[in-house]
Each structure stands twice: as structure tokens, then as C-alpha cells.
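Working notes for the structure below.
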Amino acid sequence: MSIQTEQTPDARGYFGRFGGVFVPEVLMEALARLEQATREAFADPAFWSEYEGLLRDYVGRPSPIYHAERLVDGPHAPIIFKREDTNHTGAHKINNTVGQALLARRMGKTRLIAETGAGQHGVATATIGAKMGMQVDVYMGAVDVERQALNVYLMKLLGATVYPVESGTRTLKDATNEAFREWAARVEDTFYVIGSVVGAHPYPYLVREFQKVIGVEARAQILERYGRLPSDVVACVGGGSNAMGIFRGFVDDGAVNLWGVEAAGHGVREIDTAASLNAGSVGILHGSRSYVLQDGEGQVRDTHSISAGLDYPGVGPEHSFLKDSGRARYVAIDDDDALAAFHHTARREGIVPALESAHAIAFAQRLAAERGPDGLIVVNLSGRGDKDVRTVAALEGTEVLK
Amino acid sequence: MSIQTEQTPDARGYFGRFGGVFVPEVLMEALARLEQATREAFADPAFWSEYEGLLRDYVGRPSPIYHAERLVDGPHAPIIFKREDTNHTGAHKINNTVGQALLARRMGKTRLIAETGAGQHGVATATIGAKMGMQVDVYMGAVDVERQALNVYLMKLLGATVYPVESGTRTLKDATNEAFREWAARVEDTFYVIGSVVGAHPYPYLVREFQKVIGVEARAQILERYGRLPSDVVACVGGGSNAMGIFRGFVDDGAVNLWGVEAAGHGVREIDTAASLNAGSVGILHGSRSYVLQDGEGQVRDTHSISAGLDYPGVGPEHSFLKDSGRARYVAIDDDDALAAFHHTARREGIVPALESAHAIAFAQRLAAERGPDGLIVVNLSGRGDKDVRTVAALEGTEVLK
Amino acid sequence: MIASGGIGDVFARARAERRAALIPYVVAGDPDRETTLAVIDALTQAGADLIELGIPYGDPLADGPTIAAAGQRALGAGIKFADSIEIAAQARARGAAPILFFTYVNPVDHYGAERFARDARDAGAAGAIVPDVPLEELDAFAPPLRAAGLAIPLLIAPTTPHARAARIAAASSGFVYLVSRLGVTGARREPDVGWVAAEIARLRTTTQLPIAVGFGISTPAHVAAIGAVADGVVVGSAVVDSYAGSRGDEAAAKVGAYAASLRAALPSRG
Amino acid sequence: MIASGGIGDVFARARAERRAALIPYVVAGDPDRETTLAVIDALTQAGADLIELGIPYGDPLADGPTIAAAGQRALGAGIKFADSIEIAAQARARGAAPILFFTYVNPVDHYGAERFARDARDAGAAGAIVPDVPLEELDAFAPPLRAAGLAIPLLIAPTTPHARAARIAAASSGFVYLVSRLGVTGARREPDVGWVAAEIARLRTTTQLPIAVGFGISTPAHVAAIGAVADGVVVGSAVVDSYAGSRGDEAAAKVGAYAASLRAALPSRG
Ligand SMILES: Cc1ncc(COP(=O)(O)O)c(C=O)c1O
Ligand SMILES: Cc1ncc(COP(=O)(O)O)c(C=O)c1O
């Protein structure tokens with residue numbers, strides 16, 4: 001494969017036919033200023049050096065690569081984990097919030113707002129906000145506030161305020177709507193820290209740039225350790241930031257297969273899915289055009305995934321572009337297979353992966369057997385699973401509430 | 001200060017008058033073989049290279065150093081965190097379990113056993129056991145099994161079996177007794193992975209050697225970043241492994257002050273304390289002579305600390321030696337001050353420290369003000385506080401059980 | 001007298017009556033089709049000049065909780081995009097004031113812009129506001145509506161720079177919709193009357209179009225203040241709220257009384 | 001006939017009677033002082049040759065759950081180290097069989113080895129077993145006891161290498177205590193009779209001391225099997241268990257009956 005991908009979206013924020021800016025006028029100037037600030041910051045070595053310093057000292061980068069030797073029995077391609085689970089706060093999300101917080105400070109903003117589903121991005125935003133002394137307000141669906149009480153408390157510990165969102169389905173989608181609304185209401189002093197490569201331009205672009213450290217590191221580490229490029233790179237896709245982050249390191253290496261793994265939930269052919277690229281159609285959600293899980297009227301569908309971080313009806317526009325161009329392929333793993341991979345990775349490798357990441361692992365296990373020993377598969381282990389232990393225990397009827 | 005410390009305990013396992021081997025005869029041969037295996041392994045570069053490889057790829061070392069800029073207001077010495085919280089499984093404990101598991105494999109053992117209090121060492125042992133395909137049985141006081149249901153479930157996820165210990169006070173001390181007993185019962189195929197620099201010789205020595213990577217890294221990082229040695233090194237002391245680990249990097253630098261911070265619980269002068277070095281007397285517990293919290297009859301006292309990992313009536317013999325020699329000083333921080341430091345660090349730095357580590361931070365805050373800008377204080381941030389969020393929330397009456 | 005379907009006429013008539021136009025907003029199908037029709041009749045009788053008819057959408061990024069909840073009620077009642085258009089057609093047939101749709105880009109995209117333009121025109125609607133289509137994305141969406149003779153008022157926000165505001169005004173048709181304060185629809189914050197007045201004065205130097213003001217206008221006092229400077233006053237969440245929980249004639253009576261109070265507050269201009 | 005206080009006499013008498021010595025174990029003060037005294041009397045009457053008297057300790061590393069729990073009961077009843085010695089003295093004064101203390105290094109350290117040696121001797125005790133003091137640490141602890149004429153039997157475990165076993169036997173006094181299987185006290189696992197017999201045979205080539213066997217011996221059948229090869233049979237947890245939950249005469253009756261059954265099981269040797 002050698003389809004050339006664009007380095008950045010075009011001036012209007014498009015990756016091919018995906019992306020753009022579909023927001024109320026009240027936010028247009030803020031987005032324009034953000035784009036301007038991003039351009040300037042990205043051209044400023046001092047910006048990157050502060051960002052890299054924080055990634056090193058605060059986040060704990062580089063994250064290691066790790067050969068998961070006991071994951072697959074029989075002849076198979078080695079599976080290498082890129083260990084975003086060892087980051088401060090336990091997932092890749094912090095790479096992005098650190099970058100956006102630096103942008104916010106550069107723009108003179110004193111307040112960060114964020115949407116969150118399971119709470120991971122909320123925690124990552126609250127974290128950097130605490131470190132930088134900025135006010136943080138997090139919008140979270142009322143249903144999720146109930147389900148993820150631990151992360152809610154963690155955000156409070158970090159000094160953030162969590163606002164339960166009562167509108168719509170009272171989950172991540174609505175929390176995102178609410179964050180946009182709140183931004184519209186206080187756009188002057190407020191920076192909206194979006195949690196994935198979604199939203200209106202320039203968000204999909206800038207979030208990708210803050211996550212691409214994953215791919216850049218991984219490529220160098222793999223070359224150093226194995227003396228060759230991987231055959232395949234696998235990452236789970238919710239909004240798509242961890243996947244874009246690692247893909248970015250390999251997208252120009254035409255021989256490297258890129259695989260995005262969506263959450264099939266109860267199955268891609270079911271209503272209960274979160275696999276936007278596999279089961280959705282083109283639409284506009286949260287400010288940009290991309291694949292969306294929606295009905296024929298453009299009403300966004302309720303989604304389901306065992307993993308809160310993948311339980312989102314949209315996906316970043318660049319993924320839609322990579323899908324249509326064929327440069328990346330998108331598959332879906334259902335709840336049961338993800339759960340099995342979660343347990344298998346814990347028992348065989350001593351690593352409890354995030355349920356999100358477990359989707360990528362489940363697919364990589366199959367791929368490894370298919371590829372055989374000549375392959376070399378990199379899986380982005382986007383986060384640790386401590387946050388999911390309660391969910392899994394509850395599914396199994398174990399009482400671990402004490 | 002320039003008191004020379006011994007590099008290793010003497011042939012009988014003594015650091016000055018502390019240490020030794022006080023165990024039933026059934027374990028003497030196992031300890032002798034362990035000592036022999038340790039000596040051979042430590043002399044074998046291949047052993048260290050496998051250990052270092054695992055620390056790098058699996059644990060995610062080196063852990064960063066991080067300047068906690070917003071911790072203290074007014075003129076003060078910079079406080080630098082050594083970030084053991086970014087390790088896989090969230091604390092320094094894994095450095096040790098990786099090393100002991102490698103020793104166990106080298107000795108042909110197929111089963112690991114461990115004692116655990118809050119569950120951190122149990123999780124770290126279950127983790128490396130899963131990775132290496134070894135059976136893991138963990139002994140945990142029945143009271144702690146109740147209190148730490150989440151870690152109990154995590155160990156199960158990792159394939160370990162957790163045995164509730166019903167004897168004595170049904171906490172860590174009794175779990176340790178039970179692990180010794182279980183080792184005595186199945187000494188041939190079983191390796192006892194002890195969780196701190198305690199127990200009979202050679203444990204205090206070998207655990208220290210596996211933890212000294214903290215100090216070795218920290219010293220090199222500080223010199224590289226600041227061009228000078230720190231004025232002070234601060235670490236919390238439960239059994240004392242994270243403290244010995246970081247002290248070891250600086251113990252020969254006579255000008256560096258070493259501070260061990262014990263848990264005063266409700267106060268060192270109270271019954272409810274866990275500060276063995278500050279409030280205890282010399283005694284023998286779990287196989288070696290050291291400071292112990294005990295009554296005049298040598299009956300070990302019930303302890304109390306808000307932090308489960310410090311809630312232990314003994315302390316590693318090398319700490320007793322360092323105390324008596326004056327090379328290190330030991331202070332105590334009570335529950336309230338530790339809790340305040342826990343909150344303060346979360347809000348000011350975006351780092352939720354383990355309650356154990358919060359004791360060290362609380363002391364470092366005072367010391368930083370005292371030292372003034374010329375000082376340079378390294379604090380061993382031994383672990384992350386996610387595990388403690390529920391405890392803290394419960395103290396504050398917040399319901400986060402859902 | 002039944003008003004004509006064109007927006008130009010709406011503002012012309014109001015101007016002739018030396019007052020601003022009153023533009024209430026309701027959601028089609030909230031809480032059901034019959035109630036909406038009754039509400040539109042009542043608004044017309046109370047002197048509404050133009051009715052903004054929201055097409056219910058599950059993710060209304062520009063709307064606050066009141067209108068979002070109204071949309072959920074309508075969706076819950078099974079209202080489809082075509083139903084909203086049909087409601088408009090029926091209302092117009094019953095002699096309602098002119099109707100302007102308020103919808104979002106994704107449902108329009110799915111319905112199809114051409115089909116929407118045709119059906120809206122056939123229903124006798126005056127135009128459509130699509131708040132999440134900014135100037136930059138207008139070309140992919142507006143041409144069929146313009147071709148069908150529908151007005152597309154665009155929004156200008158307090159954050160819009162002057163040069164951009166002029167471009168937005170130039171691209172608008174029917175009127176220019178000035179947002180009275182930061183944020184989304186809903187009555188949580190007061191409109192900034194001083195800023196509105198200044199902004200209108202500035203806009204008048206660049207556009208001939210009528211200028212309507214909306215967002216956060218919820219009381220007769222607001223209507224009086226804004227009506228003194230603007231050509232139209234849009235009242236949304238407060239209208240929706242005025243009959244929330246009621247249906248049919250009861251809803252119509254409530255909303256009619258409320259609209260009449262707003263209408264009475266409209267100041268007469270010199 | 002009241003047995004003398006010396007351990008040598010104990011084994012001499014048993015040998016004279018062509019049987020192994022029966023050595024039951026009880027915890028001082030479990031569940032109270034009076035019961036212990038009554039139990040010791042009953043054991044003596046049932047034919048116990050030597051009584052191991054456990055000094056209660058909260059962290060008994062060599063003991064299983066039964067004895068650990070008995071220790072907790074005694075501690076709960078307020079039994080101090082000195083109380084245990086006093087119980088021994090009273091029992092001896094009442095004509096009990098010889099008494100051997102079983103304690104741990106930390107309480108001895110706190111009481112003081114010299115003081116313990118003196119008080120134990122004055123109480124008429126025969127010696128002391130301290131299971132967590134291995135050969136290597138003996139010098140810091142044993143001299144005062146030896147000087148007071150107290151026996152210090154040391155333990156040999158299944159894991160003890162031959163050469164070390166010989167050294168342990170050489171350092172022992174009174175008798176050599178052979179641990180019948182891996183693990184701690186308590187009846188969870190069966191004693192390994194074959195291994196015990198072979199080990200005893202080997203030990204006899206290096207020591208003249210009597211050899212007693214303990215850990216895991218809980219039934220008359222065990223006693224019969226071990227009694228056929230050893231000079232003494234120690235029964236601990238099973239004895240403690242035999243009267244657990246009872247006090248005073250009731251406890252004495254239970255433990256007496258149980259001890260008698262063990263005594264009856266001791267085989268006669270050629
Ligand atoms: C660990 C982890 N992985 C993946 C995701 C999905 O987000 P994205 O697709 O943007 O990487 C999340 C979102 O919360 C997450 O927490
Ligand atoms: C994070 C952390 N720090 C410190 C300790 C105390 O142990 P040590 O004194 O051996 O470092 C523990 C024990 O569980 C721990 O979990």
C-alpha cells in the first residue's frame with residue numbers, strides 16, 4: 001500500500017471530505033484564534049521543549065515497548081505492546097491534555113473545561129489543570145457520574161468541579177454537547193480541552209499532533225530493538241486519538257498495515273454497538289463530518305460498549321479519511337472477545353489492560369496467529385485497566401464495592 | 001556526617017547488632033540456599049541484564065524525577081519527586097518482586113508466596129507471577145481482605161489465590177507469620193517473596209539490592225539535572241524498602257541528609273502509631289532483630305496508620321542500624337498531616353500520591369521551608385494514590401462505592 | 001389579516017407599525033403535533049409576526065436545556081423531520097404567521113438540502129436557520145434553499161469580529177440574527193442591552209437587512225429594551241417554558257397569554 | 001510416684017518401661033490458670049512423662065492455628081510471661097510430671113535470658129525449647145540456661161542437611177527434637193513415619209541423646225507408629241484441641257481421657 005496521506009488537514013480543516021467546522025457562530029472566533037495559536041506554538045521550539053519536558057518528567061515518557069511473549073500459544077508473530085498504561089494517570093490521554101493546557105496558558109486562558117465519559121480524559125485534564133494552577137470544570141453525563149463515582153471523586157481530589165449533564169442520553173455524547181455549550185457561554189477565559197481527535201477543526205489536527213509522540217517513539221524503539229519495521233500496528237478506536245497517535249508514526253511507511261479496532265458492543269450488526277466506522281454512515285457530529293452511528297434522519301444512535309472509552313457514536317474525521325483511502329483498515333471486536341482478552345492479558349502477562357485496549361489486544365491475538373513468526377505486531381496499550389476492575393467484577397457478580 | 005556504612009550485612013546477616021536469622025529450623029536450609037543463590041545471581045551479569053531488561057520494558061524504568069514547583073509557597077528548597085508512582089502496578093514494590101521472581105526461577109521454584117497488607121505487594125507478586133507463568137498464593141489478613149476488596153479482586157484477575165489469615169490481629173503482621181508458616185510447609189517448590197527489607201537474612205539485603213535502582217537512578221538524574229547532590233533525601237518507612245532503595249544511592253555521600261518518615265498514626269506518643277523507630281524498642285519480629293512496636297513482654301503491639309502500607313510494627317534491620325549510627329534520621333508524621341499532604345499534592349501538582357508517600361511529602365514540605373532556596377530535597381514518591389482514594393473518601397464521608 | 005409567507009413583509013409590516021417584530025420560537029411536536037398547531041395559532045392570534053419552528057434534534061449544540069428537553073419530548077412523540085415540515089404546512093394553511101425553520105446541519109444533510117428546500121417552500125415556510133453551519137460551510141448547503149426563495153438568516157455573536165460580522169450580514173437573507181450574549185439558547189443569563197444597541201448601530205452601517213435579536217430574552221422588560229433598538233425580538237426558551245407540561249387548548253391558552261404580554265411590551269418607536 | 005525434674009530421668013524411666021515417652025503440649029493459661037493446672041494434673045495422671053508448657057505469644061511463627069489460637073486465649077486472659085513460670089512452679093509443687101517450656105525468642109529476650117534461666121530453674125522446670133533460635137543464634141541465648149542446668153532440646157527438620165543435623169544434635173541437651181514433617185505445629189498433615197524411622201536411625205549414629213518426634217502427631221495410631229521408633233512422642237495441637245472450649249474439671253477430664261488413649265497406644269519395645 002502506498003497511498004500518500006496528507007500531512008495536515010486543508011485550510012478549512014478537511015481531511016478529504018471529512019472534518020470541517022460545524023459549530024455555532026459564537027465559537028468561530030475562538031476556533032480561529034485556537035488555530036492561529038496552534039500554528040504559532042507548533043512553530044515555536046520553546047513550546048515543544050516545554051511539552052517534551054513535561055512528557056518526560058511529569059508523564060514519565062518515553063513509555064516502554066514490551067514483548068508480550070505469553071499471549072499467544074503456537075507459532076505466531078511477536079506482539080509488542082506500546083505501554084501507554086505506564087503514563088501518569090494511566091493512559092495516553094495525558095499526552096494530549098498536557099499539550100492543550102500549554103496552548104491554553106499561551107493563549108492567556110485561565111480556565112479549562114472538558115467533556116468526559118468514563119472519566120479518564122476528565123482526570124487527565126484535572127491533573128494538568130492542578131499542576132498549572134488553572135480552574136478545571138468537567139462535564140460528564142449524569143449516567144456516567146453515577147457509574148464512575150471513583151473517577152468523579154478523583155477529579156474532585158484534583159480540585160476540579162464535575163457537572164452532571166442531564167440532557168439527551170446523559171452520557172458522553174451529551175457531555176460533549178454541554179462542553180461546547182459551556183465554551184460558547186464563556187469563550188473569553190475558557191479553553192475547551194477536547195479528549196480525542198474529534199470536534200471542529202483544528203481539534204482533530206492538534207490532538208493528533210499531541211498524541212503522535214506515541215507513534216514516533218514506537219517506531220524508533222521498534223527499529224532499535226528489532227532492526228525492522230512492524231508488519232502491523234493495532235490500536236483501539238473510540239474517538240481515535242490513541243490510534244491516530246500511533247498510526248502517525250507509521251502512516252508514511254507504506255508496508256506497515258494499520259488496524260483500528262472499534263467496539264462492536266453486542267455485535268456490529270446489532271443496535272448495541274459503538275463501531276462508527278464499521279456500522280455508521282457519514283454525518284456531522286460535534287463540529288465535524290465523519291462516520292457517525294445514526295438513523296436515517298441523522299438522529300445520533302444510542303451506543304453500547306463494555307468499555308466506556310469506546311462508547312461514542314462518532315470518530316475522528318482523519319480515521320474516516322484513512323478508511324476511505326484504504327490506508328488503514330477498521331475492524332470491530334465485541335464485548336465478549338474484549339473481556340476475554342482482558343482476562344487473558346492479566347493472567348498471561350501480569351498486565352491488566354484498559355477494556356479499551358483489550359479490544360486491540362483481542363484482534364492482535366488473531367492477527368498474530370495469522371501472520372506467523374515473520375510478522376511483528378505493535379499494539380498500542382492505550383491504558384491500564386484498574387479503572388475497569390469494578391465493571392468486570394460486577395459483570396461476574398463479584399462484590400468488590402467495599 | 002561521614003559515618004561509613006557497611007556495604008552488606010555480615011556473614012550472619014547482621015547490620016551491626018540488627019538483623020540475623022530467627023526462624024524455625026525447617027526454614028534454615030531454604031534461607032541458606034537462598035543466600036547461596038543470591039550470591040551467585042548477583043555475581044552473574046546475565047542475571048542483572050535480565051532484571052534490568054524487565055525493569056525497562058515491563059516496569060517502565062527509569063522512573064522520572066519531577067520538580068514539584070507548587071508544593072510550597074514562599075522561599076523554599078526545590079522539592080524533587082522520584083516518581084516510583086509511574087511504575088507498572090503503581091509503586092516501587094514491583095522492582096523487588098521482579099528481582100525475587102527471577103531468583104525463584106533460577107532456583108527452580110515453581111510457586112511464589114507472599115504476604116500483603118493493603119495488597120500492593122500482593123498485586124506486584126501476582127503480576128510478575130502471571131508474567132512468568134508461576135503459581136502465586138498470597139496471604140492476607142482477613143481484616144485486610146475485607147478492607148481491600150479491590151486489590152483482592154485484582155490479584156484474582158492476575159491468576160493468584162488470596163488466602164485470608166484468621167490468626168492474631170488478622171492483619172499484615174499475621175499474614176507475614178502465615179507466609180512463613182506456609183513456606184515452612186512447602187519449602188521445596190515454594191519461593192517466599194517478601195515485600196520489604198524485613199525478615200531473616202538474606203531478605204533485608206536482597207530486597208535492598210533490588211530496590212537500590214531507585215537511588216542509583218535518582219542520584220544520576222539529580223546530578224545531571226542540577227549539577228549537584230541534594231541536601232536531603234526523604235522517604236517514607238513502613239518495612240523500609242523504598243527508603244533503603246533510595247538511601248542506597250546516597251548513603252556514601254556523607255553530606256546528603258537521609259530522612260526516613262514513619263507513620264505516627266494518631267501520634268508517636270499514642271498507642272495508635274506505626275512508628276517503630278520512633279516509638280519502638282529493640283526486639284525480634286519475623287526473623288530478625290530490629291526496632292519493634294511491642295510491650296514490655298515482647299508482645300507485638302497493634303499498630304495504626306491511615307496508610308495500610310506503613311501499618312506494620314517492625315522495620316528493616318538496616319534502618320535500625322542507620323538510626324543508631326546516626327547516618328539516617330527518622331521522624332514521624334501523623335495521619336492528619338499525611339492526609340493534608342495527600343490533598344495538597346493532588347491539588348497543587350496533579351499527582352495523587354499514595355498515603356504512604358504522603359507522609360514523606362508532608363515532612364519534605366516543612367524541611368523545604370527550613371532549608372531555604374539553597375537546599376535541594378529529593379522525595380521518594382513511592383507510589384500512586386489511586387488505591388487510597390476510597391479510604392480518603394470514606395474518611396470524608398463521601399460515598400464512592402458505586 | 002393573514003400575513004404573507006415572506007420575511008420581508010414581516011419586517012415591513014412591523015416597521016409600518018413602528019415597532020419591532022415579535023418572533024417566538026417553538027419546537028415542532030412538543031409535546032405533540034396537535035398542541036404545536038394550537039400553540040402556533042395562539043401565537044399568531046397574540047400578535048407574533050414570525051414563528052421560529054424548531055425541528056427536533058437530539059444533539060442541539062446551540063440550544064440550552066429548555067429547548068433541548070422540548071426536542072426530546074418531540075422525538076419521544078415520534079416526530080420525524082417530514083412531520084415538522086407538515087406541521088408548518090398545516091399551520092400555514094390554518095392562517096398562521098410566517099414560519100422560519102430552526103434546525104441543525106446533520107438532519108438537513110440526511111433529509112437532503114434540495115428536498116428540504118422544495119418541501120419547506122411547498123409548506124409555505126419563509127426560510128431556515130441552521131446555527132451550526134457557519135459562513136465557511138454555507139456553500140455546501142445554502143444554494144438550494146436560496147434557489148427555492150427561502151431566507152437564510154445567519155447568526156452574529158458577541159465574539160464575531162467586525163469584519164466577519166459584515167461578511168455574515170452580507171451572506172444573510174431575510175434578516176440578520178444578532179445573538180444578544182455569549183452562550184446558547186436559554187434564559188440563564190441576561191441579554192446585554194448596551195452591547196446589543198451598539199452592535200446594531202454598527203451593523204446598520206453595513207447592511208440594509210432587518211436585524212433581529214435573540215438568546216436569553218425571556219421577560220416583557222427584555223422585550224421592551226431590545227425592541228427599542230432591534231427590528232425583531234426572538235423569544236425562545238421562555239416561550240417553550242410558558243406551556244411546558246400542558247397540551248392542546250391549555251397549552252395554547254398559556255402560550256397565548258404569555259405572547260400577548262410580550263407583544264404588549266414592544267415599545268412604539270418614533 | 002512423682003517424677004524427678006530432670007529430662008534424663010524421663011527418658012530413662014520410659015526406656016526402663018520399654019516404651020517411648022509421652023510428651024503432651026499445653027499452653028499456659030489456656031483458657032485460664034486454674035484450667036491449665038487441672039489439665040497438667042490430668043496429663044500427669046494419664047501417664048504423661050514430660051509436659052511441654054507453651055508460654056503464650058502473639059506471633060508464634062512455628063505454630064499452626066490451633067496453638068496460635070490457644071495462645072491468644074491465654075493472652076486474652078491476661079497471662080504474662082511470669083505467670084507461665086508460676087503455673088509451672090505450682091504444677092511441679094502439686095506433683096506434676098517434669099515440665100519443659102516452649103517459648104519464642106522475643107519474649108525470652110524481654111524477660112531476660114538470665115532471669116528466665118533462674119526463674120525456670122526455681123520453678124523446677126526441666127528446660128526450654130525456643131524454636132525460632134537456630135543453631136547460629138544459640139550463643140546469645142543458651143549459656144545462662146545451660147548454666148542453670150536447664151536442657152535445651154533443638155529441632156531437626158526434614159529439610160535439615162545431614163551434617164547440620166549432627167551439629168544440631170551435638171548442641172542439643174536433654175533430647176533431640178525431630179520434626180516429623182514439613183510445616184508448623186498442627187494436625188493438618190500426616191507425619192512421615194518412614195522418613196522419621198530412617199532419620200532416627202541415622203541420628204543414633206551421631207548422638208547419644210534421646211530422640212523425640214513431634215509435629216502433626218494427633219491420633220493413637222500416629223503415637224503407635226512413632227512410638228515404635230522414637231524415644232519420645234510429642235503431641236501438641238491435638239492435646240490442645242482435646243479440651244478446647246472447656247474449663248476446669250471438665251477440661252481435665254477430657255484431656256485426661258485423650259492422653260490416656262495416647263498412652264495406651266504407646267507400643268512396648270523389645
Ligand atoms: C485507555 C483508553 N483507551 C482508548 C480510549 C479511546 O479514546 P481514543 O480513541 O481517543 O484513543 C480511551 C478513552 O477514554 C481510554 O481511556
Ligand atoms: C506506595 C507504598 N509506599 C511505601 C510502602 C511501605 O513499604 P516500604 O517501607 O517497604 O517501602 C508501601 C507498602 O505497601 C507502599 O505501597
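- In terms of non-hydrogen atom pairs under 4.5 Å with chain C, the most contact-rich of A/Val187, A/Val21, A/Val165 is A/Val21.
- Residues from residues 151-160 of chain C that place a non-hydrogen atom less than 4.5 Å from a non-hydrogen atom of chain A comprise C/Leu155, C/Ile156, C/Ala157, C/Thr159, C/Thr160, given in numerical order.
- For C/Glu136, the parts lying under 4.5 angstrom from a heavy atom of chain A are both the backbone and the side chain.
- A distance of 9.0 Å separates NE2 in C/His110 from CD1 in A/Ile284, rounded to the nearest 0.5 Å.
- Residues A/Glu166 and C/Pro65 fail the side-chain proximity criterion, which asks for heavy atoms closer than 4.5 Å.
- With A/Pro24 as reference, C/Leu61 is the one residue of C/Val133, C/Asp63, C/Leu61, C/Val179 to meet the side chain to side chain contact (heavy atoms under 4.5 Å, CB included) rule.
- Contact count versus chain C (heavy atoms, under 4.5 Å) is highest, among A/Ser281, A/Ala185, A/Gly168, A/Gly287, for A/Ala185.
- For a heavy-atom cut-off of 4.5 Å, chain C lies close to A/Gln294, A/Asp295, A/Gly296, A/Glu297, A/Gly298, A/Gln299, A/Val300 in residues 291-301 of chain A.
- Using a 4.5 Å cut-off between heavy atoms, C/Pro107 contacts chain A through both its backbone and its side chain.
- When all heavy atoms of C/Leu182 and A/Ala184 are compared, the pair lying nearest together is CB-O, 3.4 Å.
- To the nearest 0.5 angstrom, A/Arg289 atom CZ is 4.5 Å from C/Asp109 atom CG.
- The backbone N or O of C/Pro60 sits less than 3.5 Å from a side-chain atom of A/Arg181, completing a donor-acceptor pair.
- Counting heavy-atom pairs closer than 4.5 Å to chain A, the top residue among C/Ala62, C/Gly71, C/Pro131, C/Ala68 is C/Pro131.
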All N/O donor-acceptor pairs, side-chain side in residues 207-216 of chain C, below 3.5 Å, sequence neighbours left out:
residue: C/Thr207; atom: OG1; partner: C/Leu209; partner atom: N; Å: 3.1

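- A 6.0 Å sphere centred on CD of C/Glu114 holds no more than 12 heavy atoms belonging to other residues, nucleotides or ligands.
- Of the two parts of C/Ala69, neither the backbone nor the side chain holds a non-hydrogen atom closer than 4.5 Å to a non-hydrogen atom of chain A.
- To the nearest 0.5 Å, the span separating CG on C/Asn106 from CZ on A/Phe22 amounts to 9.5 Å.
- In this structure, the side-chain hydrogen bond (donor to acceptor under 3.5 Å, both in side chains) partners of C/Asp59, at least two apart in sequence or on a different chain, are A/Lys173, A/Asn177.
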